[in-house]
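Beneath this line is the structure, given in structure tokens, with notes to follow.
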Amino acid sequence: MRVLLVEDSERLRRSVSDGLRKGGYAVDAAADGEEGLHLARTEPYDVIVLDIMLPKVDGLEVLRRLRDGGRDTHVLLLTARDTVQDKVVGLRSGADDYLVKPFAFDELLARIEALTRRQHQRKHPLIRIGPVEIDTSAKSVRRSGALIPLTPREYALLEFLALRRGEVVSRTEIEEHIYDIQADLMSNVVDSAVCALRRKIDVPNGAPLIQTRRGLGYVLQEEGA
Amino acid sequence: VTSLRGRLTVWLVGMTAALTVCAGTWLYLYVRHEVVHEFDIALAAKAHAIGSLLRLQPDGRYEFDFADDSMPEYLPGRKPEFFQIVGPDHTTLERSVSLAGADLVPPSSAVPHEHPWDLSLPDGLLGRAITYRAIPHPEEDDRDAVRHVPPHQTAAAPPVLVIVARDRSALDRMLAALATALGGAGLVLAAASVLAVRFAVTRGLRPVSELADRTTTIGPDTLDRRFDVAALPDELRPIGQRLNDLLERLEQGFRRERRLNADIAHELRTPIAELRSLTEVATRWPTDAAQSAQYLRDAHDVALRMESVVETLLLLARSQAQRTAAAAAGSREAFPLAGLVGEVLSAVRGQVAARALAVRVDVPDGLHVWVDRVMFRRIMENLLVNAAYYAPEGGRIECAAVVAAAGGGCTLTIANTSDVLAADDLPKMFEPFWRKDPARSDDAHAGLGLALVAEYARQLGIRLTPRLVGGNWFEMRLDLPTAADATAGGAQVPVEDHDPVMYERVH
């Protein structure tokens, strides 16, 4: 999942970005409203975490311009403004969620997860595909009850495919949602990542969970389906 | 009685009752005097009538031409009247039948009463009597048979005394009835006056009650309410006006306090959020040593910044708490302004050089100012650091002082080129936490420096005038006392109540 963080405090921007990346998200960060608006318009983010009091362009203005431009990316407002009126204005301007500073990092993660699930019309954090069980809250994967250790990026790839189970997902889509804007993408980076993931989640001589659709992309579906 | 209504009621009812008692007593005494006087006149007429029946015979004896039937009131009966005639030798010459041989005055005793007097009648009732001194005329005299002789005159013929008495119980009953009527009326009037006074006082004090009721409804959340002064009675208008003024000041104070609290909360939220995020992310993924080290440095920076904000706030709060003329005046000293300006400018030399700013200083060498050196240095540091920080790269800073006429102090102007300030910013820039950038992304300045400058200026009696000239030249003018003014006993600047900031716009 790919997240855009628009925050003018450098220390907050750095720590939240690091935390989200370690939590399995691809994160792009912007220090002002102008840069944030540009990124939000040009990149396909799953969630945008947006401060309100931003230099150059105010966060609410960024939100309004996004919505006016037809972008329906989920937006979480992260701000020091805590009055009911502030929250009402923020939510009515098109935000999907509102979190007041200071905040618990776990709460921010949970809210981003909830927004991600909402994007894929899922309520339950657990996704079961045959013997494989993906816990989108704990960011863990088990096969027949046994924990499979995955890197954050491998987990992100599996979760992205799982949220679109049964659908063919193109390499471009995977690149756009799993890698941030600064990732050095080589031509076979997605194939390599899928290959590494298959080695961890499939059993030897068993049917692969992630199947290749030549020329189209990949599809995650139950073995034998 | 503590209520105004109660006090007024007690006083008015008391005064009404006292006036009623006085008026009733006077009326009673007046009526009694008149009635008794009429009674006495009637007695005197009767005495005169009795006396006119006396004749002096040539042989010196007195003849009394009286027929009982012609004056039946002197006959025995129910409540008879009485008369007794006493000769010059104090012997009783004649008496009414109703006396039955008794005397109104004892025989051979002087009749002391020149005025009507009260006495006990032979029948035991209380009566009233009058003594009439008469000189009977000779039998042949055609004139009135008897002539009244005033007591102080000496008559040619010896006078006789005619004493007439009659029962006065009817008179006393009438006077008692009058007293009862007056007392009753007084009581009724007193009772009625309680109600009337209470009604009148309540009605008269209604504007005061309404004012009090409206005052009780005003609280911290309703300080925007005001009294309709025009609708108040003349006596209450000054109170209403003063209350409105007080409410205005309270509302401003509360608003300022709330804004300051909100600003403090907001100002501390971001660094706290930074601290939480840094520590929680570092705790959650503790194996990344490089990241943890960076986060520790970040946390330290945040702590230093919060410390700076809190210390400046404390300085501001303490300064406001100790705001007294004596405190500021006691620590004043004379020192050269040019020296202080030079010291402060050298402290910002690095920033001036880094931003390629041109600095011009024009402060007369001999100019000594008369202020608290530590506080004034803090003012200068804030103003010059701001000038160096906010002037655009390659801009100018000027610091010039001009001595005014004798006793007028001096004017110090600190100015810099500015490409961000607008005229509307000038009234706001002394508010705590105000910053031009609403996002407050600037980590180096918390927006408390100018608030401290204004507070110190207030204590030192320095007048601050911010000006924006031509849209890109910002000036801060300081009018401050000089050492020469202090020596000459120049005008004292009020410290506690004056607003240190004046605004003027230059277009």
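Order of the sequence lines sets the chain letters (A, B, ...), proteins ahead of strands, with each chain counted from 1. In this text, all values refer to a predicted model and were calculated from it rather than measured experimentally.
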Flag this pair as yes if the NZ/CZ of B:Arg396 is under 6.0 angstrom from the six-membered ring centre of B:Trp473 and inside a 45 degree cone about the axis; otherwise no.
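Relative to the ring axis of B:Trp473, which defines the angle, B:Arg396 lies inside both limits.
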Determine, step by step, whether B:Glu248 and B:Asn244 satisfy the side-chain hydrogen bond (donor to acceptor under 3.5 Å, both in side chains) criterion, reporting the C-alpha distance in whole Å, the side-chain angles of both residues, the deciding distance to 0.1 Å, and the verdict.
CA-CA 6 Å; B:Glu248 182 68 33; B:Asn244 279 348; over 6 Å; no
Do the rings of A:Phe160 and A:His177 sit parallel, tilted or perpendicular, given the 30° and 60° boundaries?
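It falls in the parallel class, under 30°.
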Heavy-atom pairs under 4.5 Å with chain B - which of A:Glu7, A:Lys22, A:Glu10 has more of them than the others?
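Answer, by heavy-atom pair count under 4.5 Å with chain B: A:Lys22.
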Among B:Ala273, B:Ala282, B:Ala299, residue most engaged with chain A (heavy-atom pairs, under 4.5 Å):
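Going by pairs under 4.5 Å, I would pick B:Ala273.
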I'd like to check B:Leu450 versus B:Trp434 (side-chain heavy atoms, cut-off strictly below 4.5 Å). Are they in contact?
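No, their side chains stay 4.5 Å or more apart.
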Side-chain heavy-atom pair B:Leu468, B:Leu426 within 4.5 angstrom cut-off
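Side-chain contact under 4.5 Å: yes.
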Relative to chain B, which segment of [X] carries a heavy atom at a distance below 4.5 Å: side chain, backbone, both, or neither?
X: A:Arg14; result: both
X: A:Leu109; result: side chain
X: A:Asp106; result: both

